[in-house]
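As structure tokens, the structure follows; a few thoughts come after it.
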Amino acid sequence: MLLPRPTTLSIGEGEFELTRIARITAPAELAGAASWLQGALRPATGFPLEMGPDGGIELEWNPQLAPEGYTLDVTPEGVHIAGGGPAGVFYGCQSLLQLLPPQIYRKGRVLDVPWVVPVVSIQDAPRFGWRGIMLDVARHFMPKHDIMRFIDLMAMHRLNTLHLHLTDDQGWRVEIKRYPKLTEVGSWRRESQLGAASYSRGDSRPHGGFYTQDDLREIVSYAMDRAINVVPEIESPGHTQAAIAAYPELGLAREESDPLGVWTRWGMDDNVINLEESTVEFFTNVLDEVIEVFPSPFIGIGGDECPKNGWLLDERTQQRKAELGLSTEDELQAWFIRRLDDHLSRRGRRLYGWDEILEGGLAGSVSQGATVASWRGMTGAIAAARAGHDVVACPDDQAYLDYRQSDRSDEPIPVGTVLTIADAYRFDPVPAELDSEDAHHVLGGQGNIWTEHMDSPRTVDYFAFPRMCALAEALWLDGERDYDEFAGRLDQHLTRLDALGVEYRRSSGPLPWQQRPGVTGRPVTPQQRAAYFAPLTARIADSESRVAATTGQTAAVAETSRSSLTDFGIDTSL
Ligand code: ACM
């Protein structure tokens with residue numbers, strides 16, 4: 001019935017019918033949840049649902065419950081929702097919506113539907129405190145209207161963290177008042193690579209967009225009203241070409257006659273930032289503005305996939321490395337990340353970075369508060385938790401919602417390994433290798449939606465759903481999971497997504513207009529994936545092999561930069 005499944009749910013006899021005379025009763029401190037519920041119930045029912053005493057729907061705060069926990073009791077007389085905090089009450093309201101007929105999700109008045117809720121008693125609380133989705137709005141911009149729709153869909157699934165990937169080689173999407181060219185120049189590109197092959201052509205169509213700081217404040221506030229924290233991410237030191245296009249002084253030396261533009265290709269890019277003091281200052285200044293907009297305790301700094309070839313070949317960077325007393329390029333990266341880490345720590349925020357922030361050959365290269373997003377399988381999660389860092393698990397083979405959904409040839413622009421709904425449902429953020437003490441460092445998990453090949457919110461719908469439903473339950477449910485049972489509930493749940501107009505992937509495969517005939521992807525096998533990750537994960541997992549790896553670094557670095565996540569060692573010379 002409900003999705004995610006609640007901890008306990010017992011069904012009784014009878015039902016409650018919501019009618020025109022119903023009111024919502026709530027104390028002042030729950031006015032936010034009450035007004036959200038009113039706004040959610042009004043369009044389809046057409047009922048006024050004013051606030052007032054003895055109203056039929058009662059919201060209450062119960063400090064005995066966990067902050068995100070709630071109870072929901074329906075009797076023939078009314079609905080009673082109690083939460084341990086505003087988030088818990090909000091989730092109770094979300095569950096109430098799911099107990100109503102799916103037409104409740106329609107935005108216009110629906111006639112002839114009895115708005116009945118079965119008599120039930122629910123007790124519920126989540127397993128993890130970080131139930132997230134990373135949305136890449138850098139590769140393809142998502143208008144703020146669609147971000148807010150996406151936030152609504154997250155909230156419906158009781159997801160509570162939106163990690164916004166705001167900058168990358170192909171676009172800079174956040175207004176920074178001190179550096180206006182970041183958006184004037186960096187927020188659009190001439191064209192986009194159409195497909196995932198090295199030979200894929202460009203589409204000859206400019207792409208761009210950015211959020212003003214006011215837009216982002218609006219998004220943060222909208223999310224907060226739905227119990228969602230927005231974690232911003234400003235990438236560096238790799239994936240920075242859009243910033244360098246705007247401010248060439250951030251980049252490595254190049255001929256003036258050959259300026260860098262915002263990148264129009266996908267993959268990993270050797271054009272990374274230099275490591276001058278002025279560049280550190282640039283990024284810390286950017287972070288200072290970002291901190292003003294985002295109250296999140298966690299601030300993302302990226303740190304992934306930084307090819308080191310540019311640094312190896314750049315005379316000035318080699319000089320800089322010597323000045324800093326560092327011996328390897330991995331140490332240079334660690335030094336840069338540490339500078340950002342120190343800066344954020346001084347401002348009372350916690351650095352959030354991809355698992356590459358564990359590399360670098362320096363013991364304790366990030367502060368204890370730094371939190372690691374483990375994406376290359378679970379190796380980063382194990383290493384980080386054992387080293388005392390908090391971890392968010394997002395292993396690519398279970399949580400990358402841009403990976404292909406089947407091995408059918410009509411999947412649109414297929415990349416990565418096959419990741420089915422069942423794979424997402426099996427996701428467990430806590431690696432079996434961790435003892436119970438280290439396991440406490442696992443804050444939860446997140447699904448990642450990289451949008452190189454998703455050029456519209458419609459396509460994001462196709463990739464995100466219904467896998468996001470499965471992931472949401474995997475992160476919420478504290479108890480046994482039964483996929484067959486889930487699949488039955490999902491069928492019901494899809495009628496809710498239909499009412500909302502979500503263009504999810506049908507179990508029968510992509511609809512004709514969801515296909516991309518003739519656009520080449522880059523599917524890989526699990527064996528190719530394992531071969532690609534093996535040397536990298538070893539570098540994280542074992543400090544001895546990390547030292548060995550940095551010794552033979554030049555070769556390893558060159559190898560890494562030729563590949564990218566979607567390459568996985570497949571012949572790119574095609
Ligand atoms: C990543 O997928 N490069 C974090």
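One-based numbering, in listed order, for ligands and for the atoms of each. Side chains included, hydrogens not; waters and symmetry mates left out as well; all remaining heavy atoms used. The structure displayed is predicted, hence computed values, not measured ones.
- Taking every heavy atom of D304 and a limit of under 4.0 angstrom, the matching atoms of ligand 1 come to 1 (C), 3 (N), 4 (C).
- Shown in contact with Y400 at under 4.0 Å from a heavy atom are these atoms of ligand 1, numbered in order with element: 1 (C), 2 (O), 4 (C).
- For R347, the CZ atom sits in a packed shell: over 12 heavy atoms of surrounding residues, nucleotides or ligands are nearer than 6.0 Å.
- Each of the following atoms of ligand 1 lies closer than 4.0 Å to a heavy atom of E305: 3 (N).
- The ring-ring contact (aromatic ring centres under 6.0 Å, His included) check on W130 picks up F298, Y352, with sequence neighbours excluded.
- Within a 6.0 Å radius of CZ in R254, more than 12 heavy atoms belonging to other residues, nucleotides or ligands are found.
- Numbered from 1 in the order shown, with element, the atoms of ligand 1 that lie under 4.0 Å from a heavy atom of W450 read 1 (C), 2 (O), 4 (C).
- Looking at residues two or more places apart in sequence or on another chain, you find a side chain to side chain contact (heavy atoms under 4.5 Å, CB included) between S192 and H140, R189, D203, H207, W266.
- Every atom of ligand 1 with a heavy atom of W354 under 4.0 Å away is listed here by number and element: 4 (C).
- Classification of the F533-W375 ring pair by plane angle, with boundaries at 30° and 60°, yields perpendicular.
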